[in-house]
Structure formats: C-alpha cells, structure tokens
Amino acid sequence: MEGIRINGNMHHEKRVVILIGILSGICISLGFIRPFDGVITLPELVLQLSGSRGELSMSCNLVELIGLMPNYIMILVFGNKLYGHFCTASIYVFSRCPNRMKWYGKEMLQVINLICIFELVFLSTTAIASVLRYQVIFSVGGFILLGCHALIFMLWNFTLVLLVNLLAINIGSSAAFTLVMVVQMTCTAALSIINILTKMQIKQDIIDVFLWLNPVAHTVLGWHRSTLLEVELANSRYSLNLVTSILIPALFCIVTVVMGGLLIQKKDLLAENMEMETI
C-alpha cells in the first residue's frame with residue numbers, strides 16, 4: 001500500500017510539474033520572446049530567457065528579472081517535498097528501512113527528476129510557442145547555449161529546493177522557506193547596486209567582483225563570455241565566465257547533498273516535530 005501511495009504521489013507531482021512548465025513556457029514566450037522583424041536565432045531566444053531584450057543583454061533592473069520567476073515557482077512548489085515525506089512516512093521509513101542514506105538518495109533522485117522534467121518542459125514549450133509565432137533559426141551554438149542555461153538552472157533549483165528541505169528539519173518548513181527566499185530575493189535586489197556603481201563610474205574590476213559574488217548574477221547568460229560561444233555571447237554586458245557559472249552551483253549542490261546526508265544520519269525525526277515545536 002505504501003508503494004502504491006508513493007507512486008500515486010509521484011504521478012500527481014509530475015502532472016503538476018508538467019502543467020507549470022507548459023503554462024510558464026507559454027507566458028514567457030508571449031511576454032519576452034518578441035523579435036522586431038519576426039525572425040530570431042536560437043541563441044537570442046535563449047538569452048531572452050534570462051532578461052535580454054533583442055541584442056541588448058539585461059541591465060541590473062529588477063523588472064527585467066521577472067523572466068526568472070518560473071524557476072522561483074518551482075522552489076515554492078517543491079520547497080518542502082523531502083521534509084514532507086519525512087513527516088508523513090518517517091515511521092515507515094525508519095522502522096522498515098534502517099538505511100537512511102538509501103532512502104535519502106531515492107528522495108533526491110525524485111526531486112532531481114521533477115526539476116529536470118520542469119526545465120525540459122518549460123524550455124520546450126517556450127521554443128515551440130516561439131516557433132509557432134516567429135521564424136526561429138537553429139544552430140549548434142544555440143543548442144549548446146540552451147544546454148548551459150538548462151544545466152545552470154537545474155543545479156541552482158535543485159540546490160535551493162534541497163536546502164529548504166534540510167533547513168526545515170531543524171527550523172520548520174515555513175521558517176526554512178522564508179529564510180531561503182529572503183536570501184534569494186536579497187541577492188536579486190542587490191543587483192541594482194551594479195547600476196549605482198556604474199553611475200558612480202566605479203572601476204569595472206570592482207563591479208565584476210560584485211557580480212561574481214552574487215549567485216543570481218551567474219544565472220544571467222547575457223552577462224557571460226565564453227571562447228566556445230564567442231559569437232553567441234558577443235553582446236554580453238559583462239565578462240562572467242560561463243564555465244565558472246556552471247561549476248559554482250555544481251559545487252554548492254555537492255556541498256548541500258553531503259551536508260544533507262550527514263544531517264539525515266544524525267537527526268531523530270521520529271521524536272521531534274518542528275512544525276508543532278513538540279517532542
């Protein structure tokens with residue numbers, strides 16, 4: 001019965017993810033993919049997903065970051081998935097499945113699966129909706145750029161979702177979600193400092209440091225440079241390294257997974273209820 005219930009939940013979650021991905025893709029395509037002459041290259045289309053407008057890469061304007069909202073929605077939807085499974089299935093898991101790491105690994109794979117499904121559905125829907133409205137010129141470089149975009153957001157989304165879940169074990173789901181989202185929005189709002197520094201004519205090296213230290217900046221492809229995608233990123237506003245922006249979330253992901261494993265091994269969730277603050 002437990003296995004049937006879990007499978008049923010997974011099918012429901014996949015349907016929710018697919019629906020969100022389709023709706024988000026349509027909305028973003030209608031709102032942000034609007035070439036002036038009715039023709040757009042695949043690299044340009046991908047860059048629009050992270051704030052670029054035509055050939056102009058995104059400035060540090062908070063309004064232009066609305067295009068990143070679908071990925072924040074995923075954190076909203078699955079921010080307490082792992083912790084929720086702990087709360088509802090902990091007796092079953094820890095009485096019949098003493099290997100906590102095995103259970104932890106399965107739960108992480110489910111979260112990764114859902115995030116990958118969302119990103120693929122979202123990007124596919126955005127591309128299809130754009131093809132139906134405009135002429136899209138495909139290229140090898142465009143597909144590589146699209147893959148980099150998908151990989152960066154998959155890594156960041158998985159890390160943030162896992163982080164919310166792990167924090168929830170110690171401080172409760174509401175507090176954990178609030179904390180992560182406050183940090184996320186603070187980093188996003190901090191990008192506006194770049195405009196201030198630019199107007200003050202601060203040296204570009206200092207501005208680059210501010211960008212490098214801000215995690216959200218690494219999700220904006222129009223701020224990157226790459227020798228492999230030199231043509232596709234020719235109009236980049238800044239000089240963030242694309243490889244670095246993939247390695248940073250990958251490193252955060254690995255650290256979060258390892259810390260989560262240590263926490264799962266030590267935490268006695270059967271005896272503690274963080275939501276009710278009782279033992």
Side-chain angles (χ1 to χ4, degrees), residues 21-22 24-61 64-71 74 112 115-158 191 194 204 207-208 211-212 214-251 253:
I22 291 174
S24 299
I26 293 174
C27 291
I28 294 300
S29 179
L30 294 175
F32 293 89
I33 314 298
R34 293 180 293 182
F36 295 113
D37 55 1
V39 179
I40 187 171
T41 65
L42 182 57
E44 289 174 342
L45 189 154
V46 175
L47 291 174
Q48 310 309 301
L49 298 178
S50 57
S52 294
R53 295 295 170 266
E55 295 183 354
L56 300 176
S57 61
M58 187 184 78
S59 62
C60 294
N61 188 326
E64 295 182 355
L65 287 168
I66 295 176
L68 303 179
M69 286 304 295
N71 295 280
M74 285 303 299
I112 293 172
I115 289 175
C116 289
I117 289 175
F118 165 76
E119 201 65 40
L120 293 175
V121 171
F122 167 62
L123 294 177
S124 298
T125 302
T126 303
I128 292 172
S130 300
V131 168
L132 293 176
R133 298 166 61 226
Y134 307 109
Q135 179 184 353
V136 179
I137 300 175
F138 296 94
S139 64
V140 174
F143 281 109
I144 295 175
L145 193 65
L146 181 63
C148 292
H149 175 90
L151 181 58
I152 288 172
F153 276 96
M154 286 177 184
L155 288 169
W156 278 121
N157 287 344
F158 173 71
L191 292 176
I194 304 302
Q204 187 61 43
I207 294 176
D208 289 340
L211 282 171
W212 193 89
N214 193 320
V216 175
H218 294 279
T219 67
V220 183
L221 286 184
W223 293 351
H224 288 76
R225 297 285 186 183
S226 173
T227 54
L228 177 63
L229 300 170
E230 187 173 354
V231 174
E232 288 76 12
L233 296 174
N235 296 315
S236 174
R237 186 178 294 272
Y238 302 109
S239 300
L240 290 174
N241 185 281
L242 186 58
V243 175
T244 300
S245 290
I246 294 175
L247 292 178
I248 288 177
L251 178 61
C253 181

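In this chain, residues are counted from 1 in sequence order. What you are looking at is a predicted structure, and each value in this text was computed from that prediction instead of being measured.
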### Query
Are side-chain heavy atoms of Val243 and Leu228 found at a separation under 4.5 Å?
no
## Note on the structure
Note: Ile33 and Ser130 closest approach over all heavy atoms is CG2-OG, 3.4 Å
### Query
So do the side chains of Leu221 and Leu242 get within less than 4.5 Å of each other, counting heavy atoms only?
yes
### Message
Any side-chain to backbone donor/acceptor pair from Ser29 onto Gly25? Under 3.5 Å, distance only.
### Response
no
### Task
Please assess Tyr134 against Leu45 for the test side-chain contact (heavy atoms from CB on, under 4.5 Å), listing each intermediate value before the final yes or no.
CA-CA 11 Å; Tyr134 307 109; Leu45 189 154; over 6 Å; no
### Message
Checking the side chain of His218 only, and the main-chain atoms of Ile246 only, is there a donor and an acceptor separated by less than 3.5 Å?
### Response
no
### Message
Testing the basics here: between Pro249 and Trp156, what is the closest heavy-atom pair and its distance to 0.1 Å?
### Response
CB-CE2, 3.5 Å
### Task
Heavy atoms only: give me the nearest Leu47-Gly222 pair and the separation to one decimal.
CD2-N, 3.8 Å
#### Entry: Closest approach of Ile137 to Val39 (non-hydrogen atoms, all atoms of both residues)
CD1-CG1, 3.6 Å
### Message
Could you check whether any side-chain heavy atom of Leu251 comes within less than 4.5 Å of a side-chain heavy atom of Leu247, counting everything from C-beta outward?
### Response
no
### Message
Can you tell me how the ring of His149 sits relative to the ring of Phe153, calling it parallel under 30°, perpendicular over 60° and tilted otherwise?
### Response
tilted
### Query
Between atom OG1 of Thr126 and atom CD1 of Ile28, what is the distance when rounded to the nearest 0.5 Å?
7.0 Å
### Query
For the side chain of Arg133 and the backbone of Ile128, is there at least one donor-acceptor N/O pair under 3.5 Å apart?
no
### Task
Determine the minimum heavy-atom distance between Leu240 and Ala217, stating which atoms define it.
CD1-O, 3.6 Å
### Query
Roughly how far, to the nearest 0.5 Å, is the OG atom of Ser239 from the CH2 atom of Trp212?
15.0 Å
### Message
Do Tyr238 and Val220 make a side-chain contact, defined as non-hydrogen atoms from C-beta onward lying under 4.5 Å apart?
### Response
no
### Task
Answer yes or no: is there a side-chain heavy-atom contact under 4.5 Å between Leu120 and Met154?
yes
### Query
Knowing that exactly one of Ile152, Ile112, Ile115 qualifies, which makes a side chain to side chain contact (heavy atoms under 4.5 Å, CB included) with Asn157?
Ile115
### Task
Taking all non-hydrogen atoms of both residues into account, name the closest pair between Ala150 and Leu123 and its distance.
CB-CD1, 3.6 Å
### Task
Anything under 30° is parallel, anything over 60° is perpendicular, the rest tilted; go ahead and classify Phe138 against Phe143.
parallel
### Message
Evaluate Leu145 against Leu233 for side-chain contact (heavy atoms from CB on, under 4.5 Å), listing each step before the verdict.
### Response
CA-CA 9 Å; Leu145 193 65; Leu233 296 174; 4.0 Å; yes
### Query
Between Ser236 (side chain) and His224 (backbone), is there a donor-acceptor pair under 3.5 Å?
yes
